[in-house]
Amino acid sequence: MSGTTRTTAHVAPPVGTDARRDGLGDGVGRGPSGRDGTDGLDAARVSWSVDGRLVLDGVDCTAPTGAVSGLLGPNGSGKSTLLRVLAGVRAAPSTAPGGGAAQVRFDGADLLALPRRRRARVLALVEQDATTDLPLSVLDAVLLGRIPHRSLLAGDSAHDREVARAALARAGMAAFAEREVATLSGGERQRVHLARALAQEPALLLLDEPTNHLDIAAQLDTMRVLRDLADDGVAVLAALHDLNLAAQTCDHVVVLADGRVVAAGDVHEVLVPEVLDAVYGVRCEVLTHPRTGRPVLTFTPQD
Amino acid sequence: MTTLRDRPAPAPPARPGGAGTRARRGAGWWVPAGVGALVVTVLVAVTIGPADLAVGDVWRSVATHLGLGGLLGLEPLGALQDGMVWQLRLPRVLTAAAVGAGLAVCGVVMQSLTRNPLADPYLLGLSSGASLGAVLVLVAGWTVLLPVAAFGGAVLALVAALGLAGALGALTPTRTVLAGLAVSQLAAAATSFVIFWSATGDSYREILSWLMGSVAGATWTSVAVAGGATIVLGTLLASTGSVLDAFTFGDTAASALGVDVARVRWTLLVGVALLTGALVSQSGSIGFVGLILPHAVRLLTGARHRLLLPLSALFGATFLVWADTLARTVFAPRELPVGIVTAAIGAPVFALLLWRGRKVA
């Protein structure tokens, strides 16, 4: 932000471990390992069904701390459901037929076994298209993210407002603090939801299509915010529609199709024709970006 | 995560110094102003009425009963006049205030929990259910059970309305109100039938006072029941502001903020039914207070519940005292049921809300 954001600029040193300490508090089950392979989200054998239909079928999914992970897949492949199950807002995952027990761990701790409020201090979920008709200011909407951090009888503290304004600034929405949520465009509202999630000070951030409704500059801006968060020690897992955006901005991707993981790993290994042609039913060619060296995907119909 | 790096922002920076939002600016004055308005309303409303009582005499009576007579060196009022003030007018005004406050809080809680701008105890059938319960025990002669039966009626009506709406599909505002209407009409018809069946005196008047609501017969017992319920349950409900805030963006968002959605929803709705039952047992079913007051207050203060709940209570109390004052004075010596006055004000507002919400309905 520019120099005038003095209400927020002094808030805290940009140290990633800070967010993580706020997150799991007294280190609920976090191993002494520090940043080894077990850091971050590690979900295994997650299944979920509704009306007898298996929406998720034994999904394994990781989102390492310090990385931006992308969750990819066609419409209806189970991306949103997976995020909600991981966030604990859907009923607990069922055990896959023939598989072991499902587990969702974060830094080694069983995430779904945490009390709700505690969990809401560890992880935040940014939904798609959540809206309200109520006359609510942007700042008040972001302050909702402080609810898990304070007693239910208390009002907003000065610290809460500080954190909320910092979150707004980080989402590029500082100038909108006094506006009413109902008057915002879809893209602006999406950023308010991002700011609300940031105000939760999560160690794990789950996002469902955070770049929906955004123009390309705003999409890149949002992804840069996610990158900054990852650099500060947050584990970021975002469901994304745009494969090229994922190719340019994610460290690690998971591809879902029909509720199963088709491929997972580094973008160079996963975003390849052998995977994408079958999943999306298209013909895909991979070029290399001349400057970033990352994959650039082009698509043509299959014959 | 509280970190913030200097990086270029696409938009101009926020106003420095943490200036409050519209909702927060001057927020500290709303509650004292609401309390002041209510106190003045009560003091003025008791002086208004058909009997020829001077303003000073009315206050003299009240002050004497409050034990301030000796302190202020006042002469006690004559027994007849004193009785008119202390046994008739004041209980009536205070009951109206308690009922108005309680109904407004019920409206806020129901609207937030169901994310339905049209939710209120009257439109969803709780009030009619409570009336039916109350009338049944009155006819049976079990007067002691009055509030309990009214509560039972309110809960049954709530479950029936939400169950019926839920069986039809998603709980959209319009569908919920239609289901509430069905429940409400059935309960009102049953109430009328029971009163006719057991008719001992002026059944028309009695039916009207249950279906349209009235505080004409209010006594100090009414004040105790309605006031006690509003103070105890209203305070409990009003203390859940943060939880209700969490529902602003829907159930999933509330859950992601650490709220146990199902448990909170049912606990608070049962609290609403309890309070509605207690109020209706004293006043019959008065419509539209729970619907319009929360919307009016949101326009003033925004949607955060910490301010919305207490202010809705204060303004609801003030509103109903004036509505009742109109009901007993406009066509004096005839009296209107107070529900006619609230409907005359509330129905146009209801139509406006329907019009505004036509996209979401």
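Proteins come first, then strands; the chains are lettered A, B, ... in the order of their sequence lines, and each starts at number 1.
Among all heavy-atom pairs drawn from A:Arg116 and B:Val259, the shortest one is NH1-O, 3.8 Å. Shortest non-hydrogen contact noted between B:Ser255 and A:Val89 is OG-CG1, 3.3 Å. Of all heavy-atom pairs spanning A:Ala120 and B:Gly258, the tightest one is CB-N, 3.6 Å. Taking both residues in full, the closest heavy atoms of B:Ser242 and A:Arg150 are given as OG-NH2, 3.0 Å, listed atom of the first, atom of the second, then distance.
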Test B:Arg115 against A:Leu134 for side-chain contact (heavy atoms from CB on, under 4.5 Å), laying out the working first. CA-CA 9 Å; B:Arg115 295 189 82 213; A:Leu134 297 173; over 6 Å; no
Derivation of the side-chain contact (heavy atoms from CB on, under 4.5 Å) call for B:Arg304 and A:Ser137: CA-CA 9 Å; B:Arg304 294 290 300 274; A:Ser137 79; over 6 Å; no
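For the side-chain contact (heavy atoms from CB on, under 4.5 Å) with B:Thr248, the lone residue among A:Asp140, A:Val181, A:Thr132 that qualifies is A:Thr132.
A distance of 5.5 Å separates CZ in B:Phe249 from CZ in A:Arg196, rounded to the nearest 0.5 Å. Here the straight-line distance linking atom NE2 of A:His149 with atom CG of B:Leu257 works out to 9.5 Å at 0.5 Å rounding.
Contact of A:Arg84 with chain B is made through the side chain alone, with heavy-atom distances under 4.5 Å.
Ranked by heavy-atom pairs under 4.5 Å with chain B, the list A:Gly145, A:Ala130, A:Ala217 is led by A:Ala130. Your options are A:Leu136, A:Leu206, A:Leu125, A:Thr131, and the one with the most heavy-atom pairs under 4.5 Å with chain B is A:Thr131.
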